[in-house]
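All values below come from the heavy atoms of this structure, side chains included, with hydrogens, waters and symmetry mates left out. The chains referred to below are lettered A, B, ... by the order of the sequence lines, with proteins before strands, and numbering in each begins at 1.
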Amino acid sequence: MRIGYPCLNRTLDCRNNHSFKLASYTEERLVETVAANLKCLEAILKFNVENSLLFFRISSDLIPFASHPVCRFDWANYFTGDLSRIGSLIKRNGIRISMHPDQFILLNSPDDRIVERSVLELEYHAEILDRMKLDGTAKIQIHVGGVYGEREQALKRFVQRYEKLSSRLKKRLVVENDDRLYPLADCMDLHFQAGVPVLFDMFHHCILNFGEPAREALELAVTTWSEQDGPPMVDYSSQFAGERKGRHAESLDNDDFAHFLETAQGIDCDVMLEIKDKERSALRAVEIYQRESSRQKKKAKS
DNA sequence: AATGGTCAAGTCAGC
DNA sequence: GCTGACTTGACCATT
């Protein structure tokens, strides 16, 4: 099991998601920003390797405005050397990579223009991973989308739009259960209809479900991943105590995470910690995981 | 140097 | 109908 965290590292004093306002867009500004972002991404990945954090979500802001009409710059070619070098670092160290486009990305919107823009944004994500020369185990995760007062139609539209995607996107796209509109059962339907793997979000599942016990739900989601997809990815978080339901915790709840590990025992998956203090909690999670697995080994011996 | 309004994009819930 | 939540901050004009 590889354990990781998303997008930001708070120990290193750099960021890989620098952006700027659209109004101040210039090619120079873009190049300078992306160069800084890539440099930081490389530093974060090196930090992660040294700390046994072998799963990382790359920020969608790596290349600001990449899919926006304002951007006419051929960033993919310009930065191909850097992207390929970072890709080598990733492969050499067996790091798992995911990306998670924002909530604006909707394959199932009734508005074709929104779908069109969404596909452009997804293609941008795929371009990054392709330029890093990563295989199909590097994933792009999205939610199903809106309901629009017509669930069945909205689900059907997802399938239709998914089927029309380029093969390089289909190779990478996975769908994640959310905590408001589409629970695991809907994602499973999409899998049976379109073949899309289901990324299981344990925390969302606890909030929105049809009463499936966690272990059972996890086992279901895991079956949707094939050999080429790599080990199933799982998102983990816990509740920010006293805050709105669904808000991510600020720091890892050790006991809850140990309980999660018990639930996931024997299942080969990679776990993304969606916890606010990022690598600090992830480091603790790795410790807990190593402790738990050595305890289990001892148990198996005796 | 510190402050606070504003930021590319969509949808839904709650007032 | 409008605002805030979602990932939550950081940019940047103004003082």
Side-chain angles (χ1 to χ4, degrees), chain A residues 4-10 12-26 28-30 32-34 36-37 40 44 56-73 75 98-125 140-151 153-155 157-158 161 175-183 186 199 201 203-204 207-208 235-240 242-251 272-282:
Chain A
Y5 62 99
C7 305
L8 309 174
N9 180 300
R10 292 174 139 80
L12 300 171
D13 68 340
C14 75
R15 298 191 6 248
N16 70 127
N17 62 346
H18 285 282
S19 190
F20 49 87
K21 299 211 167 146
L22 179 58
S24 52
Y25 179 92
T26 63
E28 294 72 38
R29 187 74 196 270
L30 180 74
E32 169 188 302
T33 304
V34 173
N37 285 347
C40 180
I44 292 176
F56 190 67
R57 182 183 297 164
I58 295 176
S59 166
S60 293
D61 277 338
L62 194 66
I63 310 200
F65 306 108
S67 74
H68 191 281
V70 77
C71 178
R72 313 285 300 270
F73 182 67
W75 55 267
S98 68
M99 297 187 81
H100 194 347
D102 289 304
Q103 67 269 29
F104 314 105
I105 301 327
L106 296 156
L107 280 189
N108 77 343
S109 171
D111 183 340
D112 285 335
R113 286 165 307 176
I114 290 172
V115 179
E116 223 170 272
R117 282 197 292 268
S118 297
V119 172
L120 285 176
E121 178 73 359
L122 288 172
E123 287 286 347
Y124 144 65
H125 284 74
I140 301 168
Q141 64 186 94
I142 59 171
H143 294 291
V144 181
V147 169
Y148 312 97
E150 37 159 28
R151 288 185 77 79
Q153 272 308 108
L155 282 162
R157 276 200 302 273
F158 184 99
R161 265 70 179 264
V175 68
E176 173 192 349
N177 60 305
D178 68 73
D179 60 356
R180 293 186 309 138
L181 307 174
Y182 292 105
D186 289 317
L199 190 155
D201 188 309
F203 184 45
H204 291 163
I207 295 168
L208 183 69
D235 282 357
Y236 167 86
S237 184
S238 59
Q239 178 64 39
F240 192 133
E243 284 281 334
R244 181 193 57 78
K245 197 171 186 190
R247 173 117 186 239
H248 295 299
E250 78 277 32
S251 167
M272 177 60 62
L273 297 182
E274 295 187 316
I275 309 270
K276 266 177 77 180
D277 68 355
K278 308 290 176 183
E279 80 285 354
R280 281 190 44 210
S281 281

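The aromatic rings of A:Trp75 and A:Tyr124 lie perpendicular to each other, with more than 60° between the two planes, well past the 30° mark.
Remark: the separation of the P atoms in C:dT7 and B:dA2 is 32 Å, to the nearest Å.
Using a 4.0 Å heavy-atom distance criterion, A:Val70 is classed as making no nucleic acid contact. Across all strands shown, A:Arg57 has no heavy atoms under 4.0 Å from either base or sugar-phosphate atoms. Residue contacts shown for A:Arg113 are absent, as no nucleic acid heavy atom lies under 4.0 Å away.
The distance between the ring centers of A:His100 and A:His125 does not fall below 6.0 angstrom.
A donor N or O paired with an acceptor N or O is not found under 3.5 Å between the base of B:dC7 and the side-chain atoms of A:Lys21. In the interface, the side chain of A:Glu274 is not paired with the base of C:dT7 through any donor and acceptor atom under 3.5 Å apart.
Base-pair partner of B:dC7: C:dG9 (Watson-Crick or G-U wobble, both distances under 3.5 Å).
Of the residues listed (A:Glu116, A:Glu121, A:Glu123), the one engaging A:Val119 in a side chain to side chain contact (heavy atoms under 4.5 Å, CB included) is A:Glu123, and it is the only one.
Of the charged side-chain nitrogens involved, at least one lies within less than 4.0 Å of a carboxylate oxygen, so that A:Arg161 and A:Asp112 count as a salt-bridged pair.
Atom CZ in A:Phe20 sits about 8 Å away from atom P in C:dC12, given to the nearest Å.
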